[in-house]
Every structure is written in structure tokens, then in C-alpha cells.
Student: 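The structure is given below, and queries will be raised subsequently.
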Amino acid sequence: MTKQDDTPKSQNNSNEINEILDSGQEVSDLFANDDELILADESAAEEDKLFLAAENEEENTNYDSYLEEQNWVPNSHADVWKVMIVDDEREIHEVTQLALDGFVFQGKALTFLSAYSGAEAKALLDNHPDIAVIFLDVVMEEHDSGLQVVKYIRQAQKNHLVRIILRTGQPGQAPEQSVIVNYDINDYKLKVELTQQRLFVSMVASLRSYYDLLRIELNQIVLKQLNEQLHQRLLERQQAEQELKELNTKLIEFNQAYERFVPSELLGLLNKKSVTDIQLGDQVEKEMTVLFADIRGFTTLSEGMTPQENFNFINSYLSQMAPIIKQYHGIIDKYIGDAIMALFPNNVDEAMQASIVMLKTLVCYNQGRNRAGYQPIKIGIGINTGALMLGTLGYQNRMDGTVISDAVNLASRLEGMTKMYGSNLLISENTYSCLNDTSQYVIRMLDTVMVRGKSKPITVYEVFDGEDPTIIELKMQTLTDFEQGLAHYFQKEFIQARRCFKSILQVDPQDKAAQIYLTRCENYLQ
């Protein structure tokens with residue numbers, strides 16, 4: 001135990017107290033006339049000290065260490081409990097300190113602070129906010145000085161931790177019932193009641209209560225800190241989620257923008273999840289249907305337009321055709337000026353249906369051009385099916401995805417043949433044989449031709465579902481004659497063939513294919 005006293009003590013009073021304590025007489029002048037002696041025998045005191053020292057020593061040592069680490073209690077001494085004695089009688093200070101000599105609670109001894117008036121008590125409280133227990137006299141410089149100190153502690157300082165034991169030698173000045181009801185104190189004792197044993201019991205109860213409140217207060221502080229940390233983490237998480245959301249939005253926008261140049265379907269065919277995964281030389285072999293579509297006479301048409309008008313025209317046309325290809329699961333591989341090269345990886349019928357819709361859409365598009373004062377346009381479409389290599393070409397810093405194979409070349413050749421035969425849509429024999437049901441289309445065999453780069457002739461078919469209804473009706477009406485004429489022609493029966501083709505031209509003078517075969521027959525007959 002350590003002692004601290006801000007006021008010099010009277011030597012006479014000290015000697016008197018020592019004589020009383022040494023003689024073992026009752027301390028009736030200070031506390032009780034018929035109560036126990038203020039000092040119990042040493043063995044009892046030692047037992048209490050040992051009992052208190054052992055109580056939760058390890059747990060509370062750790063707890064005090066935590067308090068010390070958190071710097072929660074200002075000006076605290078980790079190894080002592082601060083006890084303040086407020087009384088205008090110096091002897092009370094001496095006897096109280098001696099009575100509690102050797103006191104230990106949870107491994108910590110006591111240190112005493114002394115005040116001899118209410119004003120001194122308030123000053124000490126301002127400098128020592130970590131006082132655990134106060135023995136407080138009621139009547140000092142004024143009849144209610146102690147009660148004013150209680151108000152100061154609880155109301156001005158808002159200190160609800162310190163345990164206040166009110167002591168009075170004049171109970172009439174501060175009746176117990178009134179004080180307990182109106183003042184936030186923890187115990188009320190007459191000075192005549194405070195023997196050593198009762199001081200001991202009061203101190204144990206007060207410190208235990210103070211310690212529990214301290215733990216609760218600290219828990220609240222820790223909980224508040226944890227809540228603040230949690231709140232901060234939630235804010236950080238919300239910010240991170242917002243940043244991630246914005247990043248995802250930008251990534252989606254980037255992917256959508258990149259898909260304008262590299263279709264996502266093309267990445268899928270290359271077994272790539274992202275454009276960043278593509279490497280130069282990536283390739284895959286697959287059977288697909290290739291579609292070529294081109295505007296006829298575009299060179300002549302473009303000569304009468306400015307560059308800006310050319311771009312406006314091409315973009316207007318492509319904006320009508322491209323969505324149809326996508327609708328039927330086609331992939332636009334590239335735009336070649338006014339031409340479109342598209343791939344259909346699923347089945348041939350999707351390419352056929354897309355071509356027919358493109359031709360029908362062109363009719364509506366031309367009606368709009370006519371209303372705007374522009375001349376109508378025609379397109380030719382060639383379709384071929386076969387194995388091809390899909391991959392990347394170029395060099396590391398500039399590459400392009402494309403397809404390479406004879407199938408691509410033949411589709412391009414077929415598109416070119418549409419001009420010669422006056423057809424809108426030509427397909428190869430490979431494409432024809434891959435159709436699910438040829439009867440759902442209006443098709444006629446057109447010719448067997450030798451294509452540059454091929455050693456065997458290629459059979460070509462004309463599909464006229466996308467033609468004007470009048471033309472469709474005429475070609476259907478002459479379909480039997482056309483098939484018979486072809487049969488005679490390939491059997492070199494040119495007279496019979498000529499008769500069939502003449503018959504067709506009498507019904508449909510605009511059938512350019514029939515006119516070609518008629519000319520061939522006449523050339524052979526000369």
C-alpha cells in the first residue's frame with residue numbers, strides 16, 4: 001500500500017492514534033463506542049489478503065494489461081487501486097489508511113489520496129479521474145459539502161464508475177433515507193459503524209463493483225470501436241462494390257465496343273473467353289456455311305456520289321442487312337467495301353433463311369430509296385458449305401480473325417455468277433445436299449460449271465424464294481420445261497433442248513438463264 005496526502009499531518013494526533021492502536025483500546029472517539037476494534041488480528045488480515053490476491057488473478061492481470069495497452073484510464077497506475085478519503089478530521093485519514101494496510105484485491109494494492117474539504121476533493125477528482133473508491137464525509141466546511149461533491153462527481157464530471165461511500169458522524173445533518181433517495185451514492189455509513197472488518201468488507205464490495213463497471217464500460221468502448229470498424233469496413237466494402245460495379249460496367253461497354261470489331265461468337269468458335277486470350281496463329285477447323293453478299297454495279301453507282309455520300313449509303317444498306325444475319329445466328333466475318341462475308345456455324349438452313357429475308361428486306365429498302373429520289377439497288381448472294389480453317393492472321397501487334405479454305409472461295413465465285421445468270425441467290429451442290437428439306441424452298445438446278453482452282457465441275461442451284469412474286473410465279477410455271485431442257489442439253493440433245501428453252505422464253509422473256517442455254521444450243525447446232 002502506498003500513501004498520498006496533500007496536507008501536513010499533526011505529530012500529536014499521529015502519536016495519539018499510535019498509542020490507541022498499540023494499546024488495543026477501542027477507538028470510540030473516532031468510530032464506535034461499543035463496536036469491534038478498527039484493527040483485526042494480523043492472521044485474519046493476512047488470510048483476507050491472500051484470498052483476495054488469488055481471486056481471478058490471472059484473468060484480471062490480463063484485463064488490466066489490456067486497459068493499459070488501450071490507454072483507456074488516464075493517469076492510471078496498473079498495480080494499485082486509487083482510494084480517496086475526504087474528511088476534515090485528519091485522524092480519520094490516518095486510521096482508515098492503517099485499517100486497510102496490506103489490503104490487496106485482484107493482485108493490486110491501494111494508494112490513498114486525501115482531501116480535507118469539498119473544494120480539495122473536487123480538485124483531486126479533476127486530476128485523478130481514475131479513482132475507484134471514495135470515503136466521503138458529509139459535513140465539512142459546510143453542512144452539505146460531501147453531498148455537493150457527490151453532485152459534482154455524478155453531474156459535472158459525469159463519472160458513474162467511482163464507488164462513493166458516504167460517512168458521517170452527524171446523521172441528523174444528512175438523514176440516511178433522504179440521502180439514499182436523492183443522491184447517487186453506493187453506501188451510507190455512520191462513522192461509529194466503520195470498524196476494520198467493516199472497512200474491509202466495504203472496500204471489497206466497492207472494488208468488485210467498480211471493477212465490474214470498469215469492464216462493462218470498457219466492453220462498451222470496445223463494442224463501439226468494433227461497430228466503428230465494422231461501419232468503416234461496410235463503407236469500404238460498399239465503395240469497393242461500387243468501384244467493381246463501375247469496372248464491370250466499363251468492361252461490359254468495352255466488350256460491347258470490341259464486339260463491333262471481333263464478334264463474341266468468333267471467340268467462341270476459337271474456344272476463347274476473351275479477346276485478350278487470342279494469340280497469333282490460333283486456329284480451328286470446322287464445317288460451316290459461308291455467305292457472300294454484294295451490291296451489283298456498286299462501282300458505277302459510287303462514281304456519282306461524294307465520299308461522304310458513299311459512306312452514308314453503305315452504312316444505310318449494311319444496317320438493314322447485318323441484323324438479319326445476326327438474327328439467324330450468322331457471324332459477320334468482315335465487310336469488304338459494300339460486300340458482306342458471313343459464317344453460319346450451326347446449320348445450312350439458317351444461311352438460306354437469312355438470305356431470303358435479306359432479299360425481301362431489300363424490296364422494302366428500295367421502296368424507301370425510290371421515295372427519297374434514289375435509284376434502287378440489286379444484290380447477289382452466293383452460299384457454299386464446306387470445311388474451313390478459322391483463325392488469326394497478321395503479326396503480334398496487328399492481327400485479324402478470318403477464314404481460309406476453298407469453301408470461302410467458292411461462295412465468292414457463286415456470288416459473282418449471279419450477275420451472269422441474272423439470279424439473286426445461288427448455292428452450291430454441297431449446300432443443297434445439306435438442307436434439311438429442299439421442298440420448303442423454290443429451287444432449280446441451274447448449271448454445272450468449272451470454277452477456277454477446281455478440277456471437277458460444280459453443280460449450281462438457283463433459289464428464287466426472295467424474288468418478286470411475279471417472277472417466282474413465272475419460274476414455277478416454266479420449271480418443268482427448264483428441267484427437261486437441262487436434261488436434253490447435258491445429253492447433247494441440243495434440238496430438243498433448244499425447243500424447251502424457247503418455250504420458256506415465250507412465257508418469261510426475262511429468264512436470263514434460259515436465254516443463256518438457248519444461245520449455247522444454237523452455237524452447238526451451227
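Residue indices begin at 1 and follow the sequence shown.
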Student: Give a yes-or-no answer on whether the side chains of Y152 and D126 include a donor-acceptor pair shorter than 3.5 Å.
Tutor: yes
Student: Would you please classify the geometry between the F490 ring and the Y517 ring as parallel, tilted or perpendicular, with 30° and 60° separating the classes?
Tutor: perpendicular
Student: Tell me whether the count of non-hydrogen atoms from other residues, nucleotides or ligands lying under 6.0 Å of CD in E522 goes above 12.
Tutor: yes
Student: Give a yes or no on whether a salt bridge exists between D184 and R154, defined as a side-chain N under 4.0 angstrom from a carboxylate O.
Tutor: yes
Student: Taking E241 as the fixed residue, which of Q239, Q238, R237 is the one that meets the side chain to side chain donor-acceptor pair (under 3.5 Å) rule?
Tutor: R237
Student: How far apart are the C-alpha atoms of S206 and S209, what are their side-chain angles, what is the distance that settles it, and do they pass the side chain to side chain donor-acceptor pair (under 3.5 Å) test?
Tutor: CA-CA 5 Å; S206 297; S209 176; over 6 Å; no
Student: So do Y211 and Q106 actually touch side chain to side chain, heavy atoms under 4.5 Å?
Tutor: yes
Student: Sequence neighbours left out, what passes ring pair (Phe, Tyr, Trp, His ring centres under 6.0 Å) with F311? Give chain and number order.
Tutor: none
Student: So with a 6.0 Å cut-off around CD1 of I495, is the heavy-atom count from everything else above 12?
Tutor: no
Student: Hey, mind stepping through E246 and Q242 against side chain to side chain donor-acceptor pair (under 3.5 Å) and telling me if it holds?
Tutor: CA-CA 6 Å; E246 293 174 358; Q242 181 62 31; 3.2 Å; yes
Student: Mind checking what makes ring pair (Phe, Tyr, Trp, His ring centres under 6.0 Å) contact with Y365, not counting sequence neighbours?
Tutor: none
Student: Could you grab the distance from atom CG of L446 to atom CG of L486, nearest 0.5 Å is fine?
Tutor: 7.5 Å
Student: Are any of the side-chain nitrogens in D130 or K82 under 4.0 Å away from the carboxylate oxygens of its partner?
Tutor: yes
Student: Among side-chain atoms of Q308 and N312, is any donor-acceptor pair under 3.5 angstrom?
Tutor: yes
Student: We want to know whether D468 and T470 form a side-chain donor-acceptor pair, criterion being a heavy-atom distance below 3.5 angstrom.
Tutor: yes
Student: Would a 4.5 Å heavy-atom cut-off, applied to side chains only, mark I332 and Y335 as touching?
Tutor: yes
Student: Would you call S428 and T431 a side-chain contact if the rule is heavy atoms closer than 4.5 Å?
Tutor: yes
Student: When you look at Y441 and D349, which way does the side chain to side chain donor-acceptor pair (under 3.5 Å) test go after all the steps?
Tutor: CA-CA 10 Å; Y441 306 103; D349 288 271; 2.7 Å; yes
Student: Say whether E228 and Q232, considering side chains only, have a donor N or O and an acceptor N or O under 3.5 Å apart.
Tutor: no
Student: Do T448 and I458 have side chains that approach each other closer than 4.5 Å (heavy atoms only, starting at C-beta)?
Tutor: no
Student: From T300 OG1 over to F298 CZ, what is the distance, rounded to the nearest 0.5 angstrom?
Tutor: 10.5 Å
Student: So I383 and L425, do their side chains get closer than 4.5 Å, heavy atoms only?
Tutor: yes
Student: So do Y317 and I295 actually touch side chain to side chain, heavy atoms under 4.5 Å?
Tutor: yes
Student: A cation-pi test, strictly: NZ or CZ of R444 under 6.0 Å from the centre of the six-membered ring of F482 and no more than 45 degrees from its axis. Yes or no?
Tutor: yes
Student: Would you say NZ of K360 has more than 12 non-hydrogen atoms from neighbouring residues, nucleotides or ligands within 6.0 angstrom?
Tutor: no
Student: Kindly compute the distance separating CD1 (I356) from CE (M358), expressed to the nearest 0.5 Å.
Tutor: 11.5 Å
Student: Side-chain donor-acceptor pair under 3.5 Å between H488 and E493, yes or no?
Tutor: yes
Student: Measuring centre to centre across the rings, with the benzene-like ring taken for any Trp, is F494 within less than 6.0 Å of Y489?
Tutor: yes
Student: Using a strict 4.0 Å threshold on nitrogen-to-oxygen distance, state whether D447 and R520 make a salt bridge.
Tutor: yes
Student: Are L318 and I340 packed together at the side-chain level, in the sense that at least one heavy-atom pair is separated by less than 4.5 angstrom?
Tutor: yes
Student: Kindly say whether G297 contributes a backbone atom to a donor-acceptor pair with the side chain of K419 at under 3.5 angstrom?
Tutor: no
Student: Measure the spacing between CD1 of I331 and CE of M288 and express it to the nearest 0.5 Å.
Tutor: 7.0 Å
Student: Look at the side chain of D508 and the backbone N and O of I504, then say whether any donor-acceptor pair between them is shorter than 3.5 Å.
Tutor: no
Student: Would you say H231 has more than 12 foreign heavy atoms packed within less than 6.0 Å of its NE2?
Tutor: no
Student: So, does N424 use its side chain to make a donor-acceptor pair with the main chain of T418 at under 3.5 Å?
Tutor: no
Student: Can you confirm whether V133 sits close enough to W81 that some side-chain heavy atom of one is under 4.5 Å from a side-chain heavy atom of the other?
Tutor: no
Student: Let me confirm one number: the CG-CD distance from L435 to Q440, rounded to the nearest 0.5 Å.
Tutor: 7.5 Å
